[in-house]
Novice: 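Please see the structure below; I have some questions.
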Amino acid sequence: MHIYNTLTRRKELFTPLEAGKVSMYVCGMTVYDYCHLGHARVMVAFDVITRYLRERGYDVNYVRNITDIDDKILKRADENGESITALTERMIAAMHEDEARLFVLPPTHEPRATGHIDDIVAMIETLIAKGFAYAADNGDVYYRVRKFANYGKLNNRQLDDMRSGARVDVDVHKEDPLDFVLWKAAKPGEAHWSSPWGNGRPGWHIECSAMSTCCLGDTFDIHGGGPDLTFPHHENEIAQSEAATGKTYVKTWMHAGAVRVNKEKMSKSLGNFFTIRDVLAEHDPEVVRFLLVASHYRSPINYSVDSLTEARKSLTRLYTALEGVDTDAIASSEASPYRERFTQVMDDDFNTPEALAVMFELAREVNRAKQEQPDEAARLGGELKQLGAILGLLQQAPQIFLKGTQQQGMPLSESEIEAKIAQRIEAKANKDFAQADAVRDELAALGIILKDSREGTSWVLEAP
């Protein structure tokens with residue numbers, strides 16, 4: 001298995017620190033608002049990675065943190081007139097609802113920043129003792145960026161070139177403008193914890209260094225996150241962690257691609273910002289997941305009505321192949337050419353577009369076998385469903401997905417559709433074929449396709 005390492009900017013043979021086990025940390029959400037499409041991208045990307053690593057036999061310890069204290073949380077709680085705890089608990093519950101609807105498995109551990117204050121304080125004390133950090137006279141504690149010789153290695157940046165690009169606050173208490181905060185002194189009335197430097201709260205970057213090393217050790221296999229985190233967040237994590245422990249922090253750095261909306265960067269100022277629940281209110285969750293999986297995890301994704309339409313059409317093809325097939329049949333224990341090719345492309349930096357191509361080939365074989373080889377169709381269908389599960393797809397009953405019962409905004413309710421079908425059956429019984437055709441055409445115009453068989457008439461919702 002080869003994985004692209006952001007640090008070295010090349011694919012590398014993946015060899016975990018401990019045989020048969022993978023330790024992985026992914027930066028999670030700051031829970032002051034509902035999760036958006038960018039969060040969905042990261043959730044789904046690392047869910048697929050976790051599923052596949054487990055499929056390959058690894059015991060994966062997947063840690064994804066929650067930032068439940070920071071400036072945005074304080075500001076939003078104040079605006080809402082609610083406590084920080086009430087806000088964060090509400091947003092965490094919403095996040096779990098969103099990820100469950102996207103078929104994202106929960107991480108092994110989900111540490112919260114407020115649950116690791118003692119660990120954060122201990123790491124800051126170590127950095128101060130080693131000369132990598134200093135307490136300012138205003139109660140803040142800062143990290144000395146120039147003290148860490150390899151600062152900038154993740155992003156291939158030189159210190160002298162960073163001042164214009166770094167997101168740094170003008171602060172007269174800093175020794176150097178590039179220094180960043182490890183501990184923030186509390187303002188009057190703010191939530192705070194006690195520390196050797198006075199009441200305050202942790203800076204954002206130190207949270208992840210403390211939580212990851214507490215959960216996974218001083219060095220672990222994989223650290224992941226969104227594309228906007230490489231600098232300064234992950235760069236600062238490396239500096240903090242390696243200065244504190246004296247050890248390599250992470251072996252492999254992985255970053256998901258950005259989400260663009262109609263080929264533009266998603267932002268509230270452009271009016272193209274969508275939360276996960278905004279999207280799922282209008283579209284089948286599995287269609288949204290398919291769109292996210294259909295692109296390589298490192299590639300940008302373009303979110304649009306057209307891209308969702310294509311995703312639904314593609315997913316419909318796979319479910320149509322499974323329709324009427326006994327997928328509970330046990331797949332052959334022998335390695336099939338489809339599974340071998342699926343494994344080969346997924347071993348190449350989790351190449352999900354090529355993995356889906358293999359699944360579409362397999363779906364065509366299922367369709368060919370349906371007519372004359374039902375046992376073979378069942379075996380192949382079972383294999384297709386098993387491969388789909390690795391990507392978090394194809395786990396619904398085909399008739400449920402094809403009827404579109406999870407899609408919001410159905411043109412007609414199921415009972416209305418069934419009533420139309422009954423009208424058509426009655427018209428055919430009365431030999432009023434013109435009326436029967438008119439009902440069929442009326443439903444087809446709404447995207448509801450009727451299928452006649454010996455067992456009767458069924459229907460599916462055509463992709464728009």
Side-chain angles (χ1 to χ4, degrees), residues 1-6 9 11 26-27 35-53 55 98-99 101-105 222 224-230 252-267 272-276 278-280 282-319 341-363 387-395 463:
M1 181 184 297
H2 287 77
I3 301 176
Y4 183 86
N5 189 348
T6 307
R9 287 167 282 283
K11 291 180 187 178
V26 174
C27 288
C35 296
H36 56 67
L37 277 177
H39 296 139
R41 179 75 203 277
V42 175
M43 283 180 181
V44 171
F46 286 96
D47 180 62
V48 170
I49 288 165
T50 301
R51 286 172 182 262
Y52 184 68
L53 288 170
E55 173 68 18
D98 291 343
E99 65 183 0
R101 293 190 67 195
L102 286 171
F103 310 96
V104 172
L105 301 174
I222 297 172
D228 56 331
L229 298 184
T230 58
T252 303
W253 286 89
M254 302 178 68
H255 293 90
V259 174
R260 298 187 177 277
V261 178
N262 293 318
K263 299 182 180 180
E264 291 186 313
K265 182 179 179 181
M266 186 175 70
S267 78
N272 64 355
F273 182 89
F274 297 101
T275 67
I276 295 174
D278 288 338
V279 175
L280 299 188
E282 300 292 334
H283 302 282
D284 187 309
E286 191 171 1
V287 172
V288 177
R289 183 178 176 106
F290 185 95
L291 175 64
L292 298 173
V293 170
S295 294
H296 190 275
Y297 77 89
R298 287 191 285 116
S299 300
I301 286 179
N302 185 52
Y303 174 85
S304 67
V305 173
D306 289 344
S307 60
L308 278 170
T309 296
E310 290 305 312
R312 184 169 185 87
K313 287 180 179 177
S314 296
L315 195 53
T316 297
R317 285 169 56 196
L318 295 177
Y319 268 114
R341 287 173 51 213
F342 184 96
T343 300
Q344 183 180 30
V345 297
M346 287 294 285
D347 275 354
D348 183 13
D349 196 30
F350 310 99
N351 194 333
T352 52
E354 290 299 320
L356 285 170
V358 173
M359 289 172 59
F360 280 113
E361 287 186 34
L362 180 54
L387 296 182
I390 298 170
L391 303 183
L393 300 171
L394 303 182
Q395 301 310 292

Novice: Just how far is it from atom SG of Cys35 to atom CE of Met43, taken to the nearest 0.5 Å?
Specialist: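 With rounding to 0.5 Å, SG (Cys35) is 4.0 Å from CE (Met43).
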
Novice: Does any non-hydrogen side-chain atom of Thr275 lie less than 4.5 Å from one of Asp278?
Specialist: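 Counting from C-beta outward, Asp278 and Thr275 do come under 4.5 Å.
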
Novice: Under 4.5 Å between any side-chain heavy atoms of Leu393 and Leu318, yes or no?
Specialist: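 The answer is no, as the side chains (C-beta and beyond) never meet within the 4.5 Å cut-off.
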
Novice: Restricting to non-hydrogen atoms, name the atom on Leu394 and the atom on Glu286 that form the minimum distance, rounded to 0.1 Å.
Specialist: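 Of all heavy-atom pairs spanning Leu394 and Glu286, the closest is N-OE2, 2.6 Å.
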
Novice: Does the pair Lys265/Asp228 count as a salt bridge with the N-to-O cut at 4.0 Å?
Specialist: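 A salt bridge is absent here (no side-chain N lies under 4.0 Å from a carboxylate O).
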
Novice: Can you tell me how far apart CE (Met254) and CD1 (Ile3) are? Round to the nearest 0.5 Å.
Specialist: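 Answer for the CE-CD1 pair, Met254 versus Ile3, is 5.0 Å.
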
Novice: Looking at Gly224 and Phe46, what are the two nearest heavy atoms and their distance?
Specialist: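 The pair with the smallest heavy-atom distance is CA-CZ, 3.5 Å.
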
Novice: Kindly determine whether Asp347 and His2 satisfy side chain to side chain contact (heavy atoms under 4.5 Å, CB included), including the steps that lead there.
Specialist: CA-CA 6 Å; Asp347 275 354; His2 287 77; over 6 Å; no

Novice: Please check: side-chain N/O of Thr352 versus main-chain N/O of Val293, any donor-acceptor pairing under 3.5 Å?
Specialist: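 At least one qualifying donor-acceptor pair exists.
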
Novice: What's the shortest heavy-atom distance between Gly225 and Val42, and which atoms?
Specialist: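 Gly225 and Val42 have their closest heavy atoms at C-CG2, 4.3 Å.
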
Novice: Mark yes or no for whether Arg317, through its side chain, and Phe360, through its backbone, hold a donor-acceptor pair below 3.5 Å.
Specialist: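 It does not hold such a pair.
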
Novice: Check the orientation of His283 and Tyr303. Use parallel for under 30°, tilted for 30 to 60°, and perpendicular for over 60°.
Specialist: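 Aromatic pair His283/Tyr303 classed perpendicular.
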
Novice: Test Arg101 against every option in Val288, Asp284, Leu280 by the side-chain contact (heavy atoms from CB on, under 4.5 Å) rule and name the one that passes.
Specialist: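 Result for side-chain contact (heavy atoms from CB on, under 4.5 Å) with Arg101: Leu280.
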
Novice: Can any side-chain N or O of Arg260 pair as donor or acceptor with the backbone N or O of Pro300 at less than 3.5 Å?
Specialist: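 Side chain of Arg260 to backbone of Pro300, a donor-acceptor pair under 3.5 Å: no, none is there.
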
Novice: In Å, rounded to the nearest 0.5 Å, how long is the span from CD1 of Ile222 to OG1 of Thr50?
Specialist: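 Nearest 0.5 Å value for the CD1-OG1 distance: 8.0 Å.
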
Novice: Using side-chain heavy atoms (C-beta onward) and a distance below 4.5 Å, is Val259 in contact with Arg41?
Specialist: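 Result yes, sub-4.5 Å side-chain heavy-atom pair found.
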
Novice: Minimum heavy-atom separation for Tyr297 and Tyr4, please, with both atom names.
Specialist: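 The pair with the smallest heavy-atom distance is OH-O, 4.1 Å.
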
Novice: Considering non-hydrogen atoms only, spot the tightest contact between Leu102 and Pro285 and give its length.
Specialist: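 Here Leu102 and Pro285 meet closest at CD2-O, 3.8 Å.
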
Novice: Is it the case that the ring center of His36 lies less than 6.0 angstrom away from the ring center of Phe274?
Specialist: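 No; His36 has its ring centre 6.0 Å or more from that of Phe274.
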
Novice: When you compare the side chain of Leu291 with that of Glu310, does any pair of heavy atoms fall below 4.5 Å?
Specialist: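 No; the side chains remain at least 4.5 Å from each other.
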
Novice: Walk me through it: do Asp98 and His39 pass the test side chain to side chain contact (heavy atoms under 4.5 Å, CB included)?
Specialist: CA-CA 10 Å; Asp98 291 343; His39 296 139; over 6 Å; no

Novice: Are any non-hydrogen side-chain atoms of His296 and Asp349 less than 4.5 angstrom apart?
Specialist: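 Counting from C-beta outward, His296 and Asp349 do come under 4.5 Å.
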
Novice: Evaluate Met1 against Asp348 for side chain to side chain contact (heavy atoms under 4.5 Å, CB included), listing each step before the verdict.
Specialist: CA-CA 6 Å; Met1 181 184 297; Asp348 183 13; over 6 Å; no

Novice: Quick one: does Arg51's side chain get under 4.5 Å of Asp47's, heavy atoms only?
Specialist: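 Sidechains of Asp47 and Arg51: in contact.
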
Novice: Can you find a pair of side-chain heavy atoms, one from Leu308 and one from Glu282, that are under 4.5 Å apart?
Specialist: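 They are not in side-chain contact.
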
Novice: Before giving the answer on side chain to side chain contact (heavy atoms under 4.5 Å, CB included), spell out for His255 and Thr230 the whole-Å C-alpha distance, their side-chain angles and the decisive distance to 0.1 Å.
Specialist: CA-CA 8 Å; His255 293 90; Thr230 58; 3.3 Å; yes

Novice: Which heavy atom of Asn302 sits nearest a heavy atom of Ser307, and at what distance?
Specialist: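 Nearest pair, atom of Asn302 first, then Ser307: O-OG, 3.1 Å.
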
Novice: Does the structure place the NZ or CZ of Arg312 under 6.0 Å from the centre of the six-membered ring of Phe290, at an angle of no more than 45° from the ring's axis?
Specialist: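 Judged by the rule (NZ or CZ under 6.0 Å from the ring centre, within 45° of its axis), Arg312 is not positioned above Phe290.
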
Novice: Taking side-chain hydrogen bond (donor to acceptor under 3.5 Å, both in side chains) as the test, write out the residues that go with Gln344, two or more places apart.
Specialist: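 Per chain and number, Gln344 pairs via side-chain hydrogen bond (donor to acceptor under 3.5 Å, both in side chains) with no residue.
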
Novice: Got a sec, which residues hit salt bridge (Lys or Arg N to Asp or Glu O under 4.0 Å) with Glu361, two or more places apart in sequence or on another chain?
Specialist: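 Only Arg341 meet the salt bridge (Lys or Arg N to Asp or Glu O under 4.0 Å) criterion with Glu361.
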
Novice: Kindly compute the distance separating CD1 (Ile390) from CZ (Phe342), expressed to the nearest 0.5 Å.
Specialist: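 Separation between the atoms: 4.5 Å.
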
Novice: For a 4.5 angstrom cut-off between non-hydrogen side-chain atoms, does Leu229 reach Trp253?
Specialist: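 Leu229 does not reach Trp253 side chain to side chain.
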
